[in-house]
Amino acid sequence: MKKNTAQNCQINYALALITNSWPLNELSMKFSRFGTRFTRQSGILQLMDDLGRALSTHRDMLMLGGGNPAHIPEVQVYFRQRMNDMLNNPGEFERAIGNYDSPQGNSIFIDSLADMLRKNCGWDVGPENIALTTGSQSSFFYLFNLLGGQFDGGREKQILFPMVPEYIGYSDLGIDDNLFTAVRPIIEHLDDRLFKYRVDFNNLKIDDGIGAICISRPTNPTGNVVTDKELQRLAKMAESQGIPLIIDNAYGLPFPNILFTEANPLWNDNVIVCMSLSKLGLPGGRTGIVVANEEIIQVLSNMTAILNLAPGGLGPILAQDLVATGDILRLSHEVIQPFYQSKAKRAVSLLQETLKGIEYYIHNPEGAIFLWLWLDGVPIDSQQLYERLKKRGVLVVPGHYFFPGLEEEWRHRQECLRITYSQSDEIVERGIKIIGEVVRAAYEIT
Ligand code: PLP
């Protein structure tokens, strides 16, 4: 009984690492068009189904496929202590669990956050510019469907990803079909078999059919950090078209600061910055943060009121002191950032060692918690590589899932894998060794 429970937990955990839902195989009920969107076998649901089965038959699977943040001891000690203090402080725990927050979210937390963003990032924001959500995944559901989809007069607008690969979790968020469009990047080769994607501004056409531009920075899955210049240029383009630029800052500045390169945060009235407490170490708190102009914040608060009544309250309470004292910046800078940076460095050199002599490239890891491996000209595709790795007990995510909105054919999307390095050093090392063997075999035996 105990074993089964532990095993099921592992499977649920692994699935939740990819997105946060569950595939349906056989339907006996009729659902609405909206409902049917959540039942059909999209690529990502098939992948999750497959992962679930793989994990239930192979208990020692090396999980290099997820997006879960690492369990960093210093961070966990802090939140345990905070929870203990809450329990020992008469009435505090009861207030924390016993009240709904307002639809905008915990006002004390929002005030402290606005102060911190003003002081630390120089953003001209007040509490009226911040709304909390139940995780940034839901922030994106709200924003994409608010700014894209069908408009009065039968017009349709899309959300533009100016550079793919992009976050897999965006792919199925549109209520309307065809919500996304995307542009492929320019590839810049660097030393030591590293490369960097750059926004291809020459092919970036923004017209009335675009409702917003969205980019993750640092980028999941590539670890790219678009430069300040690129970001400012995107912001200018958005502004001149009268549409917002959405920056997905789940891994970014000022927290959790999983950035290994020089970059500055950007916000203005026309920019929507989405943040989260998840990658700080609180994914269970389900707390997303949106920083935007007042009008957007009001609509988002209304959406929360209608869909959730209020965002979750525990995440903001657990993080309140960290934000109010500014300790969140110290924790991010002194603990979280170096933790991931050293893991990234180690994973890159392990990969470089194991793939010597092969036509491989690694995206320069500038942030986030993944390595993006490009196997130039590999004779099999990323799905087959994924299958072969799974057989050898290693789970990664095949790269072709990370191109939401890109319609054109591009062989490159079949040549990449996303590898997560947030697991223990031992697991990452064993996993990368097997990746090396499988990739070598793929080049030599077609
Ligand atoms: N954005 C990016 C780039 C992510 O990688 C993730 C989670 O993996 C999210 C958003 C969603 O995070 P959450 O809903 O936990 O805040």
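Arg198 and Thr227 make their closest contact through NH1-CG2, 3.7 Å (heavy atoms, listed as atom of the first residue, atom of the second, distance). In plain terms, the two heavy atoms of Ile159 and Cys214 that are nearest each other are CG2-CB, 4.1 Å. Between Pro365 and Ala344, the closest heavy-atom pair is CB-CB, 4.4 Å. Closest of all the heavy-atom pairs between Asn129 and Asp124 is OD1-O, 4.1 Å. Taking all atoms of both residues into account, the shortest heavy-atom contact from Pro316 to Leu132 is CG-CD1, 3.7 Å. When all heavy atoms are compared, the tightest approach of Arg184 to Leu406 is N-CD1, 3.9 Å.
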task: For the pair Arg418 and Asn220, evaluate side chain to side chain donor-acceptor pair (under 3.5 Å) and give the outcome as yes or no after the intermediate values.
output: CA-CA 9 Å; Arg418 190 189 79 175; Asn220 174 357; 2.8 Å; yes

- prompt: Can you check ring-ring contact (aromatic ring centres under 6.0 Å, His included) on Tyr340 and Phe260, steps first, answer last?
  reply: CA-CA 9 Å; Tyr340 286 108; Phe260 322 134; 7.8 Å; no

- prompt: Which is it for Lys390 and Leu395 under the side-chain contact (heavy atoms from CB on, under 4.5 Å) test, yes or no, and what are the steps along the way?
  reply: CA-CA 5 Å; Lys390 192 176 60 174; Leu395 283 181; 3.7 Å; yes

- request: Under the side-chain contact (heavy atoms from CB on, under 4.5 Å) rule, what do Val397 and Thr420 come out as? Steps first, then yes or no, please.
  value: CA-CA 9 Å; Val397 184; Thr420 308; over 6 Å; no

message: Let's go through Met116 and Trp123 carefully: what are the C-alpha distance in whole Å and the side-chain angles of both, what is the deciding distance for side-chain contact (heavy atoms from CB on, under 4.5 Å) to 0.1 Å, and is it a yes or a no?
response: CA-CA 9 Å; Met116 196 202 78; Trp123 296 352; over 6 Å; no

- prompt: Please walk me through it: do Leu64 and Ile435 pass side-chain contact (heavy atoms from CB on, under 4.5 Å)?
  reply: CA-CA 10 Å; Leu64 306 192; Ile435 292 172; 4.2 Å; yes

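Judged purely by atom type and a 3.5 angstrom limit, Trp267 uses its side chain to pair as donor or acceptor with the backbone of Val291. Although no hydrogens or angles enter the test, the distance criterion places a donor-acceptor pair under 3.5 Å between the side chain of Glu230 and the main chain of Val199. In terms of modelled atom types and a separation under 3.5 Å, the side chain of Gln104 and the main chain of Gln298 share no donor-acceptor contact. Checked by atom type and distance alone, the side chain of Arg37 pairs as donor or acceptor with a backbone atom of Gly174 at under 3.5 Å. Although no hydrogens or angles enter the test, the distance criterion places no donor-acceptor pair under 3.5 Å between the side chain of Thr219 and the main chain of Pro221. Counting only distance, with no hydrogens or angles, the side chain of Gln414 and the backbone of His400 share no donor-acceptor pair below 3.5 Å. For the pair Arg217 (side chain) and Asn249 (backbone), a donor-acceptor distance under 3.5 Å is absent. Remark: the backbone N or O of Tyr443 is not paired with any side-chain donor or acceptor of Glu359 at under 3.5 angstrom. Between the side chain of Arg193 and the main chain of Tyr360, a donor-acceptor pair closer than 3.5 Å is present. Judged by distance alone, the side chain of Lys343 and the main-chain N or O of Gln423 form a donor-acceptor pair under 3.5 Å.
In this structure, Ile243 and Ile206 have side chains that are in contact, with non-hydrogen atoms separated by less than 4.5 Å. In this structure the side chain of Val348 never reaches within 4.5 angstrom of the side chain of Tyr421, judged on heavy atoms. Looking at Glu156 and Asp176, their side chains never come closer than 4.5 Å, going by heavy atoms from C-beta outward. By the 4.5 Å heavy-atom criterion applied to side chains, Leu143 and Leu300 are counted as neighbours. Within the 4.5 Å cutoff, no side-chain heavy atoms of Thr287 are placed close to those of Pro311. Taking the side chain as every heavy atom from C-beta outward, Asn302 and Pro103 never approach each other to under 4.5 Å. Using a 4.5 Å cut-off on side-chain heavy atoms (C-beta onward), Tyr401 and Tyr386 make no contact. Here the side chains of Thr222 and Trp374 are not in contact, with every heavy-atom distance at 4.5 Å or above.
In this structure, Phe34 and Phe38 have perpendicular ring planes: the angle between them is above 60°, well past the 30° mark. Note on ring orientation: taking the six-membered ring where Trp is involved, the planes of His363 and Tyr197 are tilted (angle from 30° to 60°).
Other residues, nucleotides and ligands contribute only 12 or fewer heavy atoms inside 6.0 Å of the CD atom of Glu262. When the shell of 6.0 Å around NE2 of His333 is examined, it contains 12 or fewer heavy atoms from other residues, nucleotides or ligands. Around CG of Leu194, the count of heavy atoms belonging to other residues, nucleotides or ligands within 6.0 Å exceeds 12. Other residues, nucleotides and ligands contribute over 12 non-hydrogen atoms within 6.0 Å of the CZ atom of Arg411. For NZ of Lys205, the number of neighbouring non-hydrogen atoms (other residues, nucleotides, ligands) closer than 6.0 Å is greater than 12.
For the side chain to side chain contact (heavy atoms under 4.5 Å, CB included) with Glu415, the qualifying choice from Asp376, Asp381, Leu385 is Asp376, the only one to do so. Lys196 pairs with exactly one of Glu188, His189, Glu366 by the side-chain hydrogen bond (donor to acceptor under 3.5 Å, both in side chains) rule, that one being Glu366. Tested against Phe402, the residues Trp372, Tyr170, Tyr167 include a single ring pair (Phe, Tyr, Trp, His ring centres under 6.0 Å) partner, Trp372.
Atom OG of Ser276 sits about 7.0 Å away from atom CD1 of Ile289, to the nearest 0.5 Å. Considering CZ of Phe195 and CG of Asn364, their distance stands at 9.5 Å, rounded to 0.5 Å. Distance check, rounded to the nearest 0.5 Å: CE of Met63 to CG of Asn68 gives 9.0 Å. With rounding to the nearest 0.5 angstrom, the CD atom of Glu239 is 7.5 Å from the NZ atom of Lys236. The NZ atom of Lys279 lies 5.0 Å from the CD1 atom of Ile369; values are rounded to the nearest 0.5 Å. Within the model, atoms CD of Glu294 and CD1 of Ile296 stand 12.0 Å from one another, a figure rounded to the nearest 0.5 Å.
Remark: the Asp207 side chain and the Gln241 side chain contain no N/O donor-acceptor pair separated by less than 3.5 Å. With no hydrogens or angles considered, no side-chain donor-acceptor pair links Tyr78 and Asp327 at under 3.5 Å.
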